[in-house]
Structure formats: C-alpha cells, structure tokens
Amino acid sequence: MNKLVLATEQGVMVCESSNDGWHQSLIGLPDQHVTCVTAHAGIILAGTENGVFRSEDEGQTWEDTSNGLTTQHIRWMGFHPDISNLVLAGTEPANIFVSQNNADSWRACPEVAQLRDRFRWSLPYSPEAGCIRGFAFHGSRVYAAAEVGGVLVSEDKGETWRLAEGSDGKPDFQGPPEPFVYPDVHSLEIHPSSPDLVYAPTGGGFYRSNDSGKTWTLFYDCYCRAVWVDPTDSEHLILGPADGVDRNGRIEESHNGGQTWSPASNGLQVPWRRGMVERFLQMDNELFAVLSTGQLLGTSLSALEWHRILPDIDHVNAIASLAEEGD
C-alpha cells in the first residue's frame with residue numbers, strides 16, 4: 001500500500017487512500033514551513049527553510065539532520081532511486097549538497113557555488129543568488145535545474161558538477177537562441193530509456209534534448225514548471241503550461257514528443273486565471289499535480305479526468321510517495 005507525503009507550509013502530512021479517497025493520517029513538523037519532501041526505503045526527508053529533517057517511522061517522529069549544510073534554505077531534494085543512502089539537496093542561494101548516509105551528514109559541491117558566483121545567478125522574487133529546484137537521475141548521470149542559471153550535469157552520481165554544454169550559465173531573461181536552453185530552469189526529467197533524453201520546463205518554454213543537454217530544441221513557447229513523461233513512451237508527455245507566471249495555467253498532452261499539444265484538463269475549469277501546475281508525481285496508475293495555489297489534483301492515467309485531492313489541505317508545496325514496509 002502506498003501513502004502520499006505532503007510538504008506544506010504547516011509541516012509534513014502523511015495521507016492514506018481508502019475506498020472513499022485520500023485521508024490525512026498524521027502531521028509532522030507542524031512548526032516548519034516545509035518546502036520539499038522525498039522518501040525512499042521507509043525514510044522520509046523534509047526540506048525546510050531551516051535545514052533537513054528525517055523520519056524513519058513514516059512521519060511519527062523527526063530529527064534534525066542538517067550536519068554539514070552550510071546553507072539551510074532547502075528548495076529541492078531527491079533520493080537516488082537505485083543507490084542506497086544517496087540523497088541530494090538543492091538550496092537557495094544555489095548550491096548542491098550530497099549525502100551518502102541518508103542525511104546523517106552532508107558535503108557541499110563547491111563548483112556549484114563557483115558557477116553561481118561567476119555568472120551571478122539570481123532570482124526575480126528573492127535577493128538570493130539563484131536556487132536549485134530539481135534533480136533527475138539515471139544511473140551515474142544526474143541533472144540539476146538551476147533557477148536562474150541553467151542545467152547542471154554530473155557523471156559521478158552527484159559528486160561533481162558542470163554546466164551542460166547547451167547551457168551558457170548566464171541569468172539573462174532574454175535567453176540565448178537554440179540550441180541553448182533558456183536559463184530559468186524549473187525542473188528536469190530523464191526518460192528511463194536513455195540518460196541522454198532530457199526534458200526541461202523553463203520560464204521561456206518547454207525544451208527537449210536528445211544528447212544529454214549538449215543541444216536543446218524548444219517544443220512549446222510558454223511558461224512552464226512541470227512535465228510528466230510516460231516511462232513506457234518517450235513521446236507521450238503531459239505538461240502544465242501557462243501564459244506567464246501563474247497566469248492562465250492549464251494542462252495539455254502530447255503524443256509526438258511535444259510537436260503538437262491538445263487539452264488534457266477534463267474535470268477542471270481552465271485556464272486558471274492565477275495558477276498553474278507546479279509539480280507532477282506518478283504513483284502506480286495515478287498522476288498527481290501540485291498547483292501553485294497549494295491545491296492538489298489527481299487523476300487516473302487511463303482516464304485523465306482530474307479532481308481535487310484532500311481539499312481540506314491547502315498550501316501544498318511538494319509531494320512524494322511512500323511505500324509501506326514489505327510492499
């Protein structure tokens with residue numbers, strides 16, 4: 001049985017499904033603004049504006065595991081799906097920290113801060129020097145999304161980082177032309193079939209690279225933060241485009257790798273005048289969407305009929321799935 005773990009402005013919420021839908025089962029860290037959450041092998045890590053907290057009992061008790069974090073404001077975290085105990089944390093201002101022991105201790109990757117300072121990364125809504133707000137894993141290859149900075153790539157499981165060849169590192173909102181990617185990168189996805197096939201929702205459109213980030217093609221001129229990529233079909237995509245920051249958001253689908261798009265917002269009243277999709281998460285045959293308004297949506301992938309999940313919970317920032325021990 002799977003559970004949902006929600007990062008909210010009032011702590012971490014663990015939710016369970018039943019025949020009549022999803023229900024909240026417990027609240028952890030109620031005094032923390034939780035920015036992100038990740039879970040693996042029964043361990044939950046919560047990123048906050050005050051470091052990282054860990055639970056080994058499905059959210060009932062928590063401990064501060066920020067040893068080595070010289071930057072406390074966590075924007076995104078990710079367990080490596082195939083390597084036990086390996087987890088990455090992205091921060092604001094932009095830096096990447098690596099832990100090889102389930103967050104017992106962390107080590108900074110100084111080359112990321114050097115790139116940040118060299119190119120003067122920035123954020124339009126914060127005085128801080130950029131942030132890291134997404135990771136994508138495939139074996140030894142890891143990608144990181146830098147806002148506003150570009151795409152970073154690691155060939156050694158996140159130990160060392162460099163700019164992808166198709167990312168110039170300059171926080172210029174005019175953006176370089178193709179084959180470069182727009183520098184305001186919000187998230188990244190890798191298709192399971194190849195570490196070279198990367199998808200990038202950005203503030204300047206939806207991009208795709210077939211060569212590990214060396215060159216990029218713009219497939220949708222929009223503002224977007226999240227894409228779902230069908231793990232069985234690299235041409236099947238679900239995107240959360242908008243006309244601008246939280247303006248006229250909607251959900252669309254492509255069956256040809258992004259060349260054409262059609263509406264995929266059944267059950268919703270779109271466009272959302274002030275809102276858009278922030279993140280997608282697949283769990284079995286269900287797809288969840290976190291909105292910038294803090295609401296949570298869900299649908300069956302076979303039907304694509306969206307509905308509100310856990311309507312009593314607001315201010316959701318991120319979600320993760322948690323498999324019960326023995327599943």
Side-chain angles (χ1 to χ4, degrees), residues 1-8 13-25 37 39 134 186-187 189 191-192 199 201 205-206 208 219-220 222-324 327:
M1 174 183 176
N2 284 327
K3 298 180 180 181
L4 278 179
V5 186
L6 280 58
T8 81
M13 302 190 184
V14 179
C15 305
E16 300 177 346
S17 63
S18 63
N19 291 335
D20 58 346
W22 287 91
H23 303 277
Q24 176 184 307
S25 58
V37 65
H186 294 141
S187 64
E189 299 292 338
H191 195 265
Y199 310 79
F206 173 67
R208 173 173 170 167
F219 277 93
Y220 197 151
C222 64
Y223 183 97
C224 54
R225 294 176 180 147
V227 65
W228 170 79
V229 182
D230 190 332
T232 65
D233 179 3
S234 63
E235 299 293 289
H236 183 205
L237 313 171
I238 295 177
L239 186 70
D243 294 340
V245 178
D246 294 333
R247 181 164 57 88
N248 293 333
R250 53 207 183 266
I251 300 176
E252 298 184 9
E253 184 178 28
S254 175
H255 287 277
N256 53 19
Q259 297 182 58
T260 59
W261 298 87
S262 58
S265 302
N266 288 345
L268 306 173
Q269 293 184 339
V270 293
W272 298 296
R273 185 181 175 192
R274 296 179 180 175
M276 62 181 299
V277 177
E278 194 75 32
R279 300 280 178 176
F280 287 112
L281 172 73
Q282 180 182 352
M283 188 168 67
D284 298 327
N285 190 47
E286 287 188 271
L287 185 64
F288 299 93
V290 178
L291 303 187
S292 59
T293 55
Q295 299 177 348
L296 182 60
L297 306 177
T299 182
S300 162
L301 279 166
S302 56
L304 279 186
E305 186 76 25
W306 295 92
H307 55 282
R308 180 87 183 268
I309 301 290
L310 297 160
D312 295 333
I313 301 178
D314 294 313
H315 309 298
V316 178
N317 295 318
I319 60 174
S321 63
L322 178 68
E324 285 193 336
D327 282 12

Validation row: Leu291, Trp272 side chains within 4.5 angstrom (heavy atoms): yes
Straight-line distance of Lys3 NZ to Ser17 OG, nearest 0.5 Å: 10.0 Å
Short N-O contact, Arg273 and Asp243, less than 4.0 angstrom: no
Residues forming a ring-ring contact (aromatic ring centres under 6.0 Å, His included) with His191, sequence neighbours excluded: none
Spacing of CD1 belonging to Ile319 relative to CG belonging to Leu296, to within rounding of 0.5 Å: 5.0 Å
Within 6.0 Å of CZ in Arg274, more than 12 heavy atoms from elsewhere: no
Sequence-distant partners of Thr299, side-chain contact (heavy atoms from CB on, under 4.5 Å), two or more places apart: Leu287, Leu304, Trp306
Value rounded to 0.5 Å, distance of CD in Glu278 from SG in Cys224: 11.5 Å
Sequence neighbours excluded - side chain to side chain donor-acceptor pair (under 3.5 Å) pairs with any residue from residues 227-241: Arg208-Glu235, Trp228-Gln282, Asp230-Thr232, Asp230-His236, His236-Glu253
Expected output: side-chain His307 to main-chain Gly298 donor-acceptor under 3.5 Å: yes
Neighbour count above 12 (heavy atom, 6.0 Å) for Asn19 CG: no
Residue pair Leu6 / Cys15, side-chain heavy-atom distance below 4.5 Å: yes
Counterpart residues, side-chain hydrogen bond (donor to acceptor under 3.5 Å, both in side chains), relative to Glu189 (two or more places apart): none
Contact check, side chains of Leu268 and Ile251, non-hydrogen atoms, under 4.5 Å: yes
Residue pair Pro201 / Ala226: nearest heavy atoms and the distance that separates them: CB-N, 3.7 Å
Distance in Å, Asp314 CG paired with Gln295 CD, rounded so as to fall on 0.5 Å steps: 7.0 Å
Note, Val245 side chain near Arg225 side chain (heavy atom, < 4.5 Å): yes
Pairing residues for Phe288 by the ring-ring contact (aromatic ring centres under 6.0 Å, His included) criterion, not counting sequence neighbours: Trp22
Nearest non-hydrogen partners of Gly275 and Ser292, listed with the distance: CA-OG, 3.4 Å
For the student: nearest non-hydrogen atoms of Ser300 and Asn285, plus distance: OG-ND2, 3.2 Å
Asp246 CG to Thr293 OG1 distance, which is reported to the nearest 0.5 Å: 8.5 Å
Distance-minimising heavy-atom pair for Ser321 and Ala39: O-CB, 3.6 Å
Closest heavy-atom pair and its distance - Val277, Ala289: CG1-CB, 4.3 Å
ring-ring contact (aromatic ring centres under 6.0 Å, His included) against Tyr199, all qualifying residues, sequence neighbours excluded: none
Non-hydrogen side-chain atoms of Leu281 and Leu4 separated by less than 4.5 Å: yes
Distance in Å, Tyr220 OH paired with Leu237 CG, rounded so as to fall on 0.5 Å steps: 12.5 Å
Residue pair Arg279 / Gly134: nearest heavy atoms and the distance that separates them: NH1-CA, 4.4 Å
Ring centroid separation His186 to Phe206 under 6.0 Å: no
Contact check, side chains of Pro241 and Tyr223, non-hydrogen atoms, under 4.5 Å: no
Side-chain touch Val290/Asn317, heavy atoms, less than 4.5 angstrom: no
